[in-house]
Amino acid sequence: MSVHQYEAKILEALKKLKKITASELAKELQLNRDAVSRMAYSLSKKQLVTLEKLTTSKILLTEEGQGVIENGLPEKQFLENLPKQISDVSADMRLGMNWAVKRKWIELKNGVIVRVVQTPPVTEEERALKNINKLNAEELVLLRKRKWVTKKLLTDYEISITPKGQEKKIELHTTQVTPEMLLSGNFKDINFATFSPNQPVPEKWPGRFHPMTELIEKVRSIFLELGFTERSGPYIESAFWDFDALFVPQDHPVREMQDTFYIDGSTEVPKELADRVEKVHMDSWGNWNPKEATRRLLRTHTTCVSARALTELEPPAKIFSIGRVFRNETVDYKHLAEFHQVEGIVYDPNVTLRDLFGFLKHFFSKLGFDKIRIRPAFFPYTGISAEVDVWLESKNKWMELGGSGIFRSELVEPLTGKDCPVLAWGLGIERLAMMYYGLDDIRDLYNSDIDWLRKRRVFI
Ligand code: PHE
């Protein structure tokens with residue numbers, strides 16, 4: 001029976017020492033304590049050592065306790081700079097004041113602080129703090145009451161060598177297979193290290209990005225891989241870009257205050273574009289008030305980023321944007337008033353609805369959702385409009401994720417001067433996150449539940 005190289009080191013040391021704790025041995029051998037405990041455990045399974053669990057406690061100074069050692073008792077500090085009135089006592093001096101009253105070093109009379117004791121005596125607490133390494137039971141209670149020390153439980157193991165271990169000739173495991181061993185065939189006779197992947201190890205929770213940040217990064221990389229370019233736009237938009245340029249009539253209900261957050265003041269609108277937008281609105285809806293278009297609001301969707309981009313692009317072009325949007329919405333398990341959307345457009349004379357569905361299908365399958373459903377829908381800015389649902393196997397139901405379609409020429413022509421197909425879609429990322437992370441309530445994404453943040457699934 002051969003042993004691992006660390007086991008060999010431990011056994012070798014124990015042949016001389018006979019008995020030692022895991023923590024001392026770790027120091028001696030300059031190994032990590034967990035590694036020593038683990039190896040000692042595996043040696044004990046081979047009956048080469050025995051282990052005895054030791055539980056000890058250690059008294060540790062808290063930060064506050066350290067402060068008292070450095071700066072003195074709060075009540076003495078208070079006495080040193082004694083304020084005249086209670087109203088002069090700042091929040092961080094209150095504790096010192098209360099203790100000084102309790103000890104009858106001062107008295108409070110009608111808001112005035114009166115000194116009773118000139119030189120305060122040495123207190124039990126101060127004596128105890130001087131004696132921090134040899135506290136008796138009373139002193140410990142005293143200092144724990146003032147939260148200057150805490151008791152920490154430590155577990156250690158005493159490792160003792162067995163007679164079998166004492167006699168054992170140490171042979172090392174081989175940990176690596178070499179080409180020579182394979183060629184000569186002697187690997188069959190070699191004693192290889194065995195591994196126990198099921199042995200418990202200490203849990204580690206390193207810092208990581210928020211699940212929404214990770215999902216957004218993933219969404220971004222999917223679009224970048226497909227050759228899309230990213231764009232962004234302002235949170236505070238004009239009604240012009242959020243609604244008018246998208247051919248949303250000025251009397252459309254989404255524009256009402258109950259649905260949209262408006263911001264005081266107005267903003268400028270590009271004159272030439274506004275004239276063209278005015279013309280389509282007049283021709284189609286019969287009214288358009290330029291003042292309405294200058295109102296400021298928190299953008300209600302990222303489709304305004306696509307509208308802005310169209311005026312600057314030449315086909316063929318593929319762009320996407322990811323960002324926050326705001327709606328005057330009652331918050332519930334599937335609605336937030338502030339959330340993220342990912343928006344994409346494909347501005348290309350050669351694309352059709354099938355391409356749109358292809359992009360959506362590809363996007364969702366990259367996130368691991370292979371079953372999607374497209375339902376007819378209505379948006380003021382798309383001629384052919386479709387709602388996208390994704391099948392949630394675990395819940396056995398369809399989940400609504402957003403809208404898509406081909407932009408109407410009433411939108412594309414005034415913005416680009418061209419009649420060219422533009423595929424467009426806008427999806428809610430928090431909804432996607434609910435599905436991806438298996439949440440039943442959209443608000444849980446922002447509840448910062450530490451257990452969930454640690455244990456949620458990761459992207460691979
Ligand atoms: N803007 C729509 C929404 O917020 C989504 C959408 C984008 C629909 C592009 C069609 C085209 O729900």
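Note that ligands are numbered from 1 as they come in the structure, with each ligand's atoms numbered from 1 the same way.
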Which protein non-hydrogen atom lies closest to [atom], naming both residue and atom, and how far is it?
{"atom": "atom 5 (C) of ligand 1", "result": "Gly426 O, 3.8 Å"}
{"atom": "atom 8 (C) of ligand 1", "result": "Gly403 C, 3.4 Å"}
{"atom": "atom 2 (C) of ligand 1", "result": "Tyr381 OH, 3.2 Å"}

Checklist entry - Side chain or backbone of Trp425 under 4.0 Å from ligand 1, or both, or neither, by non-hydrogen atoms? => result backbone

Checklist entry - Does Arg295 make a cation-pi contact with Tyr262 (under 6.0 Å, within 45 degrees of the axis)? => result yes

Counting each atom of ligand 1 from 1 as listed, which ones have a heavy atom of [X] under 4.0 Å away?
{"X": "Thr303", "result": "1 (N), 7 (C)"}
{"X": "Ala424", "result": "9 (C), 11 (C)"}
{"X": "Glu343", "result": "7 (C), 9 (C)"}
{"X": "Thr382", "result": "10 (C), 11 (C)"}

Checklist entry - Below 6.0 angstrom between ring centroids: does that apply to Phe228 and Phe359? => result yes

Next on the checklist: Taking the ring of Trp285 and the ring of Phe247, is the distance between their centroids below 6.0 Å?
Outcome noted: yes

Checklist outcome for this item: One should read off an interatomic distance between Ile345 CD1 and Leu310 CG, to the nearest 0.5 angstrom, of 4.0 Å

For [X] and [Y], take the angle between the two ring planes, folded into 0 to 90°, and tell me which bin it lands in: parallel under 30, tilted 30 to 60, perpendicular over 60.
{"X": "Trp425", "Y": "Phe223", "value": "parallel"}
{"X": "Tyr6", "Y": "His4", "value": "perpendicular"}
{"X": "Phe243", "Y": "His301", "value": "tilted"}

Checklist entry - Mind checking whether Arg327 has a heavy atom under 4.0 Å from ligand 1? => result yes

Next on the checklist: Any heavy atom of Ser404 closer to ligand 1 than 4.0 angstrom?
Outcome noted: yes

Checklist entry - Would you say His301 has any N or O atom under 3.5 Å from an N or O of ligand 1, going by distance alone? => result yes

Next on the checklist: Ignoring hydrogens, what is the shortest heavy-atom contact between Trp452 and Asp444? Give both atom names and the distance.
Outcome noted: CZ3-O, 4.0 Å

